[in-house]
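Structure record follows, encoded as structure tokens.
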Amino acid sequence: PMVGQCDRPFRELCRKYRTSLCYTEMLKAEEIAYNDRYFQDALANYEEGALLVQLCTRNAQAFTDACLRLEALGGGIIGVDLNLGCPQQRAKDGGYGAYLAEESYDLCCDIIRAG
């Protein structure tokens, strides 16, 4: 999954060529949990096939709430991936991805347990 690249139009193109699994781009757990428009924009047409949702956050409660909201959709969403590897500037700016993993092992564990 690549932030800014695995968006909904890209996933639709992949589905056209019969991919069996797609990842979302890095999505903010807080936005998935609490922002209806962001949620709809990111996950429209999710039911077209197996989808793994990649989330970033620094907030264990937001991760829990996002996971619960995704679980309530059922259907094609088969899992959630906590991004602990993204090296891009936007991840650095938010303290997500590789920067979260580097900064706080304990916070990573708290977020994972919360999911």
Side-chain angles (χ1 to χ4, degrees):
M2 289 179 54
V3 68
Q5 301 301 313
C6 296
D7 57 2
R8 188 167 34 98
F10 177 78
R11 294 192 310 267
E12 289 171 0
L13 180 65
C14 291
R15 297 288 188 207
K16 179 179 174 182
Y17 291 97
R18 302 181 190 268
T19 187
S20 59
L21 172 67
C22 285
Y23 270 80
T24 65
E25 61 186 319
M26 181 176 72
L27 302 173
K28 294 180 180 178
E30 291 82 357
E31 299 295 329
I32 291 295
Y34 312 123
N35 182 328
D36 291 336
R37 174 149 183 152
Y38 182 93
F39 182 82
Q40 286 298 323
D41 288 346
L43 296 170
N45 300 322
Y46 77 92
E47 68 282 342
E48 291 181 6
L51 181 66
L52 219 140
V53 178
Q54 184 182 80
L55 297 176
C56 64
T57 191
R58 296 183 58 80
N59 181 312
Q61 186 60 53
F63 189 71
T64 297
D65 293 344
C67 288
L68 290 171
R69 190 168 190 192
L70 292 166
E71 182 179 41
L73 286 175
I77 296 177
I78 63 167
V80 173
D81 170 39
L82 176 62
N83 185 323
L84 295 174
C86 182
Q88 291 189 10
Q89 185 65 43
R90 68 178 72 187
K92 184 177 184 179
D93 292 345
Y96 309 127
Y99 304 96
L100 174 62
E102 185 177 84
E103 176 188 328
S104 178
Y105 176 80
D106 291 336
L107 180 55
C108 291
C109 291
D110 290 345
I111 294 167
I112 291 166
R113 278 191 291 271

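Residues Arg113 and Asp110 approach most closely at NH2-OD1, 2.8 Å, considering heavy atoms. Closest non-hydrogen pair, Tyr34 versus Arg69, comes out as N-NH1, 4.2 Å. Closest non-hydrogen pair, Glu30 versus Ala62, comes out as CG-CB, 3.6 Å. Heavy-atom minimum distance, Glu31 versus Tyr38: CB-CD2, 3.1 Å. Closest of all the heavy-atom pairs between Ala91 and Cys86 is CB-O, 3.7 Å. Nearest heavy-atom pair, Ser20 versus Ala50, reported as atom, atom and distance to 0.1 Å: O-CB, 3.4 Å.
One distance of note links SG of Cys56 with CZ of Phe63; it measures 10.5 Å at 0.5 Å rounding.
In the hydrophobic clustering of ILVMFWY residues, with side-chain heavy atoms under 4.5 Å counting as a link, Leu55 and Leu73 come out together. Under the 4.5 Å side-chain heavy-atom criterion for ILVMFWY residues, a single connected hydrophobic cluster contains both Ile111 and Leu84. Hydrophobic cluster membership is shared by Val80 and Leu82, with clusters built from Ile, Leu, Val, Met, Phe, Trp and Tyr side chains linked at under 4.5 angstrom. One hydrophobic cluster holds both Ile112 and Leu107 under the rule that ILVMFWY side chains link at heavy-atom gaps under 4.5 Å. Note on Ile78 and Tyr23: same hydrophobic cluster, where clusters join Ile, Leu, Val, Met, Phe, Trp and Tyr whose side-chain heavy atoms are under 4.5 Å apart, directly or indirectly.
In summary, of the residues considered (Val53, Leu70, Asp41), a side chain to side chain contact (heavy atoms under 4.5 Å, CB included) with Leu27 occurs for Val53 alone.
Within the 4.5 Å cutoff, the side chain of Met26 has heavy atoms near those of the Arg90 side chain. At least one side-chain heavy atom of Leu43 sits under 4.5 Å from a side-chain heavy atom of Ile32. Contact check for Arg58 versus Glu103: side-chain heavy atoms found under the 4.5 Å cut-off.
Distance alone, capped at 3.5 Å, places no donor-acceptor pair between the Ser104 side chain and the Leu100 backbone. Thr57 places no side-chain N or O within 3.5 Å of a backbone atom of Ala29 that could act as its donor or acceptor partner.
Few gaps surround CD on Gln61; more than 12 heavy atoms of other groups in view lie less than 6.0 Å from it.
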(request) Run the numbers on Tyr96 and Asn83 for side chain to side chain donor-acceptor pair (under 3.5 Å), then give the verdict. (result) CA-CA 7 Å; Tyr96 309 127; Asn83 185 323; over 6 Å; no
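At a cut-off of 3.5 Å, with distance as the only test, no side-chain donor of Asp36 or Gln40 sits close to an acceptor on the other residue.
Judged as a side chain to side chain donor-acceptor pair (under 3.5 Å), not a single pair has a partner in residues 70-79 (not counting sequence neighbours).
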